[in-house]
Amino acid sequence: MVQTLFTNQLALGCIQAAAAAGLALLVMLIARTREIHLERETLVALLRGIVQIIAVGSILLLLLRGPAWTTVVLLAAMMVAAAATSARRAAGMPGAFRVSLSAIAVGAGTVIALMTWAGVIDRAMTSLVPIGSMLISNAMNTNSLTLNRFRSEVESHCGLIETALALGAAPQQAVAPYVQASFQASVIPALDSLNSLGIVWIPGLMAGMLLSGAAPLYAAIYQFVTIAMMFAASGLTALTSSLLIRNSVFSPAEQLTLRPQTVALPGGGRSGSK
C-alpha cells in the first residue's frame, strides 16, 4: 500500500515537473523569435534545478538525523554555492566571488544569527535550514542585481567617472551616484514583495503552516516576519556588495579598470557592448 502510494506520487511528480519545464522552455522559444537567446541557459538551469533539489531533499533526510552542528555546515555551504552562482552573473568584474561571498555572508548570515539568537527562528534544523535557505537565496538574487546594475552604470559613465578623477575627486566620490543607483535597484524586488504581501501573493510558508495546523493569524504574522527578514537581508547584502565592489574597479593608482566589453562586428570592426 505504502509502496503503491509512493510510486503514484513519484509518477505524478514527474509529470508535473515535465509540464512546468516544458512551459518554461516554450517561453524561451517564444523569446527566441525576438532574437533573445536564453534557451540553452534555461535548459541547463532546469536540469540543474531538478537534480539539485532532489539531491538536497535526499541529503536533508540524512542530516535531520545528525548532530546540530551540521546545520551550520549546511548553511555555510549554501552561502558558498550562492556566491559562486552570483559571481558567474558578474563575470568580468574583479573580485566578484569574494565580494559575493562577503555580501551574502554579511546580509543573510547576520540576519540568520540575530533572529536565531532572538528566538524568531527556531533552532531546530527543520526550521532553521528552510528559512535560512530562503534568506540566502534572496541575498544571492539581490547581490546579482547589485553587481549587474553597478557594472552597467560604470560602463555607461566611464567618461564622467574619469573626468571626476581627473578633477581630483576620490574614487569613492566618482562612483557614488552609481553605487546609490545599484543599491536602490537591487532592493526594489524585496520592497515590492513586502508591499504586495497578502494582496498580490500569499507565500508558500504561510500556506504550509496552515496545512500543518497552525492558527491562521499566527501563520500570517510569521509570514510577515519572514518577508521582513528577507528585506533586511537584501538591504545588508546590497549595501555590503555595493561598498565592496566600488573599490575593486580601481587600480592602486586610482585608475578605473572596469571597461565596456567589446564585441566583434562583421568586417573586423569592434563595438562597445555591455
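As a basis for the values below, the full set of heavy atoms in this structure was taken, side chains included, without hydrogen atoms, waters or symmetry mates.
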Are the side chains of Q172 and V179 in touch, meaning some heavy atoms are under 4.5 Å apart?
no

Min side-chain heavy-atom separation V175-I161 under 4.5 Å
yes

Hey, could you give me the CG/CD distance between L167 and Q173, rounded to the nearest 0.5 Å?
11.5 Å

Is there a side-chain contact between M28 and R32 in this structure, where contact means two heavy atoms from C-beta onward sitting under 4.5 Å apart?
no

Gap separating the CG atom of L25 from the CZ atom of R40, nearest 0.5 angstrom
13.5 Å

Side chains of T71 and V129, heavy atoms from C-beta outward: is any pair under 4.5 Å?
yes

Quick check for you: to the nearest 0.5 Å, what is the distance between I112 atom CD1 and L135 atom CG?
5.0 Å

Measure the OG1-CZ distance between T85 and F97 for me, rounded to the nearest 0.5 Å.
10.0 Å

Distance in Å, L101 CG paired with T240 OG1, rounded so as to fall on 0.5 Å steps
11.5 Å

Please tell me whether S100 and N143 have a donor and an acceptor in their side chains that are separated by less than 3.5 angstrom.
yes

Side chain to side chain donor-acceptor pair (under 3.5 Å) partner of T142, chosen from S86, S234, S241:
S234

Nearest heavy atoms of A181 and R149, plus distance in Å:
O-CG, 4.1 Å

Atom CD1 of I227 and atom CG of N138: how far apart are they, to the nearest 0.5 Å?
8.0 Å

With a 4.5 Å limit on heavy-atom distance, are the side chains of F183 and T146 in contact?
no

Count I, L, V, M, F, W, Y as connected when their side-chain heavy atoms are under 4.5 Å apart, and connections chain through other members. Are L114 and V106 then in the same cluster?
no

If I compare all heavy atoms of R123 with all of W117, which pair ends up nearest, and what's the gap?
NH2-CA, 3.8 Å

L145 side chain reached by P189 side chain, heavy atoms, under 4.5 Å:
yes

